[in-house]
Amino acid sequence: MKNIRFHVNGKESNVQCPPAKTLLDVLREDLELIGSKECCGKGECGSCSVMIGDEVICSCLVLAGQIENETIITVEGVGLRENMDIVQEAFINEGATQCGYCTPGIIVAAKSFLNSIEHVPTTDEVKTALGGNLCRCTGYQKIIKAVQTAAKIQNPFYAVK
Amino acid sequence: MSIKVNNPIGKKHRQETSSDRFQWIGKRVPRIDGPEKVTGELQYMTDRSYPNMVWGKVLRAKYPHARITNIDTTQAKVLPGVICVLTYRDIPGFNGFGIVTPDQPVLCEDVVRCTADAVALVAAETNEIAEEALNLIQVDYEPLEVVADAEYAMTEQAPQLHPDGNIHSHVKINNGDVNQAFEEADYIFENTYYSPRQMHAFIETEGGWGMLEEDGVLTIQCPGQYAYRDRLQISRALGLNPESIHVISSPNGGAFGGKDEITVQIYLALLALHSGGRPVKIHLSREESVQAGMKRHPFKVQVKTAAKKDGTIIANQVRAVADTGAYASLGPAVIALAVEHACGPYKIPHVDIEGFCVYTNNGIAGAFRGFGVNQVCVGIETHLDMTAEKIGMDPIEIRKINAYRQGETSSIGHVVKSSVGTHQTLDKAQNCDLWVNRASYKKQPSEPWKKRGVAVATSFHGVGMGIGTPDYGAASIELLPDGRLKVAVGCEEIGTGNGTVYAQVCAEMLHCDMSDITVVQGDTSETLDGGTVTASRSIYTGSKAIATVAPQMIQLLAETAAEILHTPAKNMEIENSTVIDKKDPSNSLTFIEIYDYLSKAKASTKVNGHFYLPKEKEEIKGSGGAPHHIYGYMTHVVMVEVDTLTGETDVLRVVSIPDCGRVMNLQGLEGQTEGGAIMGIGYTLYEDVAIEEGYHKTKNFADYIFPTIRETPEIETIPVEDPEPTNPFGAKGIGEVVMIPIIPAIMSAIYDATGARVRHLPATPERIFEAMKPMNKSAPISSR
């Protein structure tokens, strides 16, 4: 057991756990942040995506010992129902979620991508940004649209590339 | 007493096709569960946890086919932290399950027939201890010959996997005289098509909770597609009264048919009886899900088609062999649907169709979106294109010549009485930009060595159960203390958004805002038995069930208000969650006031309604349940680009033209057409679970490629609305047909691009490259 200190969604967290426990299990079991999902457990699907700093990573591939002093944002940190982010509202309005199990990981990846750009992304840019997130329900088209819609709302003066 | 209500059920309303007269139905309403899904706040059942929980694990068979000579659990039982270890000896009731034939043991006793088989169960304090305990269970096996091929399984040499032999079912439809027709034919096309073992690949793997409550009720929380049938199958294995079991089966993190059969419900129930009242959780890893979960039936389909010079198809002969793996599950229904749909939505006068559902040791196959039609649609659609090319006819024209209209006789010989939208979908296809300008699009490949092709295909899919399977819809509506209405429908939320449509229908019928509606699905203590969320039936069934029960709620509200206000009930109208005396609008009561009154009088505020889905009267003898009464229809136009150097193929554009009757929610419909198109692309180009000699070579998503966002083409949806008269709103079904015609359309588009026909799916780069080789013979050879 090791005491690990890090920041999650703006709050400092202290967790006592084996250092080899995955970040995903720490989030879900120790911090009860169940938005991040396990689907493949091998970094293939992106359902467990979280931000560490500015980087989007699969939390099933990161161990607790690696996150000491890191700053982590999960889907819950992007927004909850009472303070939804633009990208979350866009996903609802564009119909970009179906069964919803992959959605938290996609929201995190989309938010990180939107943070990194200052224009309305092209379809190809969205495809590159979300290429690591699998969805079996939607066919992805409405996800692409939702990210573009969120970019337009985020800054109405953005240029459409 | 009669109460005048604005009830959309009625002949004069059925003829209207515009959705304008509705406030909610037909509108592009966002999903009601959207906010909790995009924020991650929705607790799926596999997300839950309990303070005193234990972990359950399943020991799967080591061999695909073997005799069990001994099972010794002694060492596992004494491992510290182990709560219980269970084998077949611990099953109090019937050791079997299976929707059609209960031939799958809950826990194997004397033989294992595939590596999905369960041999023992463990519950332990931690997941790790449970895993370790599995290693300590000693099972002695005598390996037996593995039956790895369905056609071999049908021979006399093959070991018999079940007492009645390896052919579980044989279904057929004969109509007319094919031999005579083949003699009269101008052209005959004869080919064999192979289809892949597609995996559902729902993002949430199988899992859930079992817990024995203090009052003796056994609660099973487990994603599923039919809570009441899951409960029945659990009760049989446990020897319990179903009433003492509470099944919660919604929401699902995806299902697609793969959670239609029992997954882990019975394991959870058995472990919960032996965990000292502590809740038991099972959640399969992806690897275990790949090995243990149902897959789509791989088919071998031989098709012989006779055509005349004028483009009419006069005969079609089909022999389909389906590999159902070790157990039947819904295999017999899948092959029956395949036979029913093998000749397409056409009026071919002479047909001879037969299908076999065959046992092997290749895992287990069961229900999957499309249910046998995906596998058989490629034969007739490809042969229509071959005929069209031979006689120089347009591919859409040849389909119009052969497609039946409402009131005409189908290939399987029944008069189609329900709505038929094929011709309208083909008209839309003919006029869509991609088809009209296809010559120009084909001239613009992204690289000089790539070639583009455009093709069309059409198909159909039954809605609801065929003949011989009971098919009821049911719903209840309850007035809540806060004046809101709770609508409960059995059909689970598996991702499709059916619950949003239920809220739309309830709001429409009860004249209130959608935000005043709460929807409950898939819960045996909350919802009535209204059948499965399968067979493209949940929108048709749920909407009709709510429309059946809504007048009762209107009556309850109006009569109660009348009683309180001393006004005749016939004067009462409902607007904005208020009952108003239309003769004196100042005389009104809110739903809350009505609830208070009923509550004080100890009267029920809940109403229930059932209906029976319309059926055909006569079954086609030997067909296993054909025909259906209602079908959804669909045409796809696609453009592909094939890399002639590698065989790699991209689908660039898809036009989806569904006829699902009235569109209840356009956003939801597009969700289905887009998701279905992508799943169809995966089926045609990428997906196949590799099993060799009974062992899964595919383990996880690293070696099971399905479409990512990068493979998403531009998908356009152009719905045709041919209202179905037996649904109060004109709705039919959409969930499955959306992934069907795209399969042969992609195959024909590859041909259009390259001249190569691939008949073995998935059409991998290797297979396309091989098929292109004869075309490249005249090409200059590298000088290297």
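Within every chain, numbering begins at 1; the chains are lettered A, B, ... in the order of the sequence lines, protein sequences first and strands thereafter.
Partners of B/K281 under the salt bridge (charged side-chain N to carboxylate O under 4.0 Å, His left out) rule, at least two apart in sequence or in another chain, do not exist in this structure.
Residues in residues 90-100 of chain A take part in these salt bridge (Lys or Arg N to Asp or Glu O under 4.0 Å) pairs, two or more places apart or across chains: A/E94-A/K145. Applying the ring-ring contact (aromatic ring centres under 6.0 Å, His included) test to residues at least two apart or on different chains, the pairs with a partner in residues 76-103 of chain A are A/Y101-B/Y44.
One finds the CD atom of B/E41 at 11.0 Å from the CG atom of A/L33 (value rounded to the nearest 0.5 Å). B/I203 CD1 to A/C99 SG: the interatomic distance, rounded to the nearest 0.5 Å, is 7.0 Å. Rounded to the nearest 0.5 Å, atoms CZ (B/F706) and CG (A/L134) are 4.0 Å apart. Once rounded to the nearest 0.5 Å, the distance linking CZ of B/R31 with OG1 of A/T97 reads 6.0 Å. Separating the OG1 atom in B/T708 from the CD atom in A/E44 is a distance of 11.5 Å, to the nearest 0.5 Å. A distance of 8.0 Å separates OG1 in B/T712 from CD in A/Q141, rounded to the nearest 0.5 Å.
Remark: side-chain polar atoms of A/Q88 are paired, donor with acceptor, to backbone N or O of B/V38 under 3.5 angstrom. Here the side chain of B/N700 pairs a donor or acceptor atom with the backbone of A/C40 at under 3.5 angstrom.
Of all residues spanning residues 675-684 of chain B, those with a heavy atom less than 4.5 Å away from chain A's heavy atoms are B/G675, B/I678, B/M679, arranged by number.
Proximity to chain B is limited to the side chain of A/R28, based on heavy atoms less than 4.5 angstrom apart. Only the side chain of A/I107 comes within less than 4.5 Å of a heavy atom of chain B; its backbone N, CA, C and O stay farther away. For chain B, the nearby parts of A/C137 are the backbone and the side chain; heavy atoms of each come within less than 4.5 Å. Both the backbone and the side chain of A/K142 come within contact range of chain B, judged by heavy atoms closer than 4.5 Å. Heavy atoms closer than 4.5 Å to chain A are found nowhere in B/S289, neither backbone nor side chain.
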query: Between B/E204 and A/K37, does a salt bridge (Lys or Arg N to Asp or Glu O under 4.0 Å) hold up when you go through it step by step?
result: CA-CA 8 Å; B/E204 182 191 33; A/K37 310 295 184 199; over 6 Å; no
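Looking at A/M84 and B/T39, their side chains come closer than 4.5 Å, going by heavy atoms from C-beta outward. For the pair A/Q98/B/T496, no side-chain contact is recorded, criterion being any heavy-atom separation below 4.5 Å from C-beta on. Side-chain contact check for A/C39 versus B/R286: some heavy-atom pair is nearer than 4.5 Å. Counting heavy atoms from C-beta outward, A/R136 and B/P707 have side chains that approach closer than 4.5 Å. Inter-residue side-chain proximity for B/E711 and A/K127 is flagged as unmet; no heavy-atom pair is nearer than 4.5 Å.
Looking only at heavy-atom pairs under 4.5 Å with chain A, the residue among B/E714, B/E670, B/H283 that has the most is B/E670. Among B/G40, B/G497, B/S285, the residue making the largest number of heavy-atom pairs under 4.5 Å with chain A is B/G40. Annotation: maximal heavy-atom pairing with chain A below 4.5 Å, among B/S49, B/P30, B/A201, occurs at B/A201.
The residues A/D124 and B/R710 are annotated as not salt-bridged, no charged nitrogen and carboxylate oxygen being separated by less than 4.0 angstrom.
Within 6.0 Å of CD on A/E82 lie more than 12 heavy atoms contributed by other residues, nucleotides or ligands. Annotation for B/R28: atom CZ counts as buried by contact number, over 12 foreign heavy atoms lying within 6.0 Å. Within 6.0 Å of CG in A/D54 there are 12 or fewer heavy atoms belonging to other residues, nucleotides or ligands. The local environment of CD in A/E12 is crowded, with over 12 non-hydrogen atoms from other residues, nucleotides or ligands closer than 6.0 Å. Heavy-atom neighbours of B/Q43 CD from other residues, nucleotides or ligands within 6.0 Å: above the threshold of 12.
When each of A/T138, A/N133, A/I106, A/I144 is tested with B/I709 by the rule side-chain contact (heavy atoms from CB on, under 4.5 Å), just one qualifies, namely A/I144.
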